[in-house]
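See below for the structure under consideration.
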Protein chains: 2
Amino acid sequence: MISQTSEYALRAVVCLAQSSKKPHTTAEIARLTKVPEHYLSKVLLMLAKHEVVYSKKGLHGGYMLAYLPENLPLLNVINAVDPIKHIKSCPLKLKTHGTNLCRLHKRLNDSIDLIEELFKTSTVGTILSDPTKSIPLCESNGK
Amino acid sequence: MISQTSEYALRAVVCLAQSSKKPHTTAEIARLTKVPEHYLSKVLLMLAKHEVVYSKKGLHGGYMLAYLPENLPLLNVINAVDPIKHIKSCPLKLKTHGTNLCRLHKRLNDSIDLIEELFKTSTVGTILSDPTKSIPLCESNGK
DNA sequence: AGATAAAAAGATCTGGACATCTATTTTATT
DNA sequence: AATAAAATAGATGTCCAGATCTTTTTATCT
């Protein structure tokens, strides 16, 4: 459903959103989110290319969120690393279908649309403010 | 979102549902659904193991649906070949979370639940009876 | 009843994408 | 100039999709 890479990207973004004052290094984020450090660096690179996060090189550098959490839909994070693909034309390449989707693929695409809508309306901010008990990720976050 | 294997399984099942009088061979289904024949045989095997389809060996054998289309949710087809995995415990293995999910993973799991519900309530029968123009798959089906 | 052909079932093998690790280069700060 | 950090490049491992081949089962036809 949600790729490993998307999961990692979401963890990183939520982690950054929780203490957004100063930049965080890849190593820090990796430790807090328990993502393999060197893979995380690639994920963060993709997030930076899509301007979800902002990177600062050199001493005291690191990554920061490029948006306020409440202005950052989960969809943007997901699409940066592993874009949601819609079914736009018949995968069987049947000429008689043309640009129409058959019933099966229409139904499948409807569910993709639904998921996309869900991730579009739910932001990193809503994750943080969700009124459940546990704190997102990071038992040692903020210490 | 939906794996290639699930897509193939759904195509095969929809195809079988469209002419359910006699068994269809793997080669036939492969031709009609444009799925690679030898991979399809594996997919059909999995469907048979999970009793979504029934197989008959030997001359004039082949595969048939094990259920009436309206009694066969798409979820059963998907779960037979590529089960939907729910997030049951914190992927970070944080002790403080225990069996509780953090907000991020709760949100992600909610969307998985939603998709599952969608595929549970929508059956192969609803695909066939969907009031849209194009016929599911198979331009040459039924000839 | 035995031979034959048709079909599923099963065993390997390969290429590509994703995930992970290692090493080097570039850039900014002190 | 020294250092810390991202950026880049490359190597390795694993899993899924797909291809090829062999074996087993079963209906049908002499």
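Letters go in sequence order (proteins before strands), and every chain restarts at 1. These figures come from a predicted structure and were not determined experimentally.
Where B:T5 and A:T25 meet DNA chain D, the nucleotide closest to each residue was compared, and A:T25 sits on the side nearer the 5' end. When the nearest nucleotides of DNA chain C are assigned to B:G61 and B:S41 by heavy-atom distance, the more 5′-ward of the two goes with B:G61.
Here D:dC16 presents its P atom at 18 Å from CD of B:E7, a figure rounded to the nearest Å. The distance from atom CE of A:M64 to atom C1' of D:dA5 is 15 Å, rounded to the nearest whole Å. In this structure, the CG atom of A:L44 is 13 Å from the C1' atom of D:dA5, given to the nearest Å. When rounded to the nearest whole Å, the span between CD1 of A:I29 and P of D:dA5 equals 12 Å. Here the P atom of nucleotide D:dA9 and the CG atom of A:L45 are 10 Å apart, to the nearest Å. If you measure from atom CG of A:L40 to atom C1' of C:dC18, you get 16 Å, rounded to the nearest angstrom. Atom CG in A:L47 sits about 15 Å away from atom C1' in D:dA7, given to the nearest Å. Distance A:E28 CD to D:dA5 C1': 12 Å, rounded to the nearest Å.
Counting heavy atoms from C-beta on, the side chains of A:M1 and B:M1 come closer than 4.5 Å. At least one side-chain heavy atom of A:E7 sits less than 4.5 Å from a side-chain heavy atom of B:P91.
Between B:Y54 and C:dA8 there is no side-chain N or O to OP1 or OP2 distance below 4.0 Å. In terms of phosphate contacts, B:S55 brings no side-chain nitrogen or oxygen within less than 4.0 Å of OP1 or OP2 of C:dA8.
Here B:N71 pairs with nothing under the side-chain hydrogen bond (donor to acceptor under 3.5 Å, both in side chains) rule; sequence neighbours left out.
Between the side chains of B:H50 and B:N79, no donor N or O sits under 3.5 Å from an acceptor N or O.
Judged by distance alone, the side chain of A:N109 and the main-chain N or O of A:I87 form a donor-acceptor pair under 3.5 Å. Side-chain atoms of A:T121 come within 3.5 Å of backbone atoms of A:E117 as a donor-acceptor pair (strictly under, hydrogens ignored).
Considering A:H105, A:R103, A:K106 as possible partners of B:I127, the one that fulfils the side-chain contact (heavy atoms from CB on, under 4.5 Å) test is A:R103.
Counting any heavy atom pair closer than 4.0 Å across all strands shown, A:Y8 reaches sugar-phosphate atoms only and no base atom.
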Checklist entry - Could you write nucleotides 19-30 of chain D as a row of B, S and -, 5' to 3', where a protein heavy atom under 4.0 Å of any base atom gives B, of only sugar-phosphate atoms gives S, and otherwise -? => result BB----SBSS--
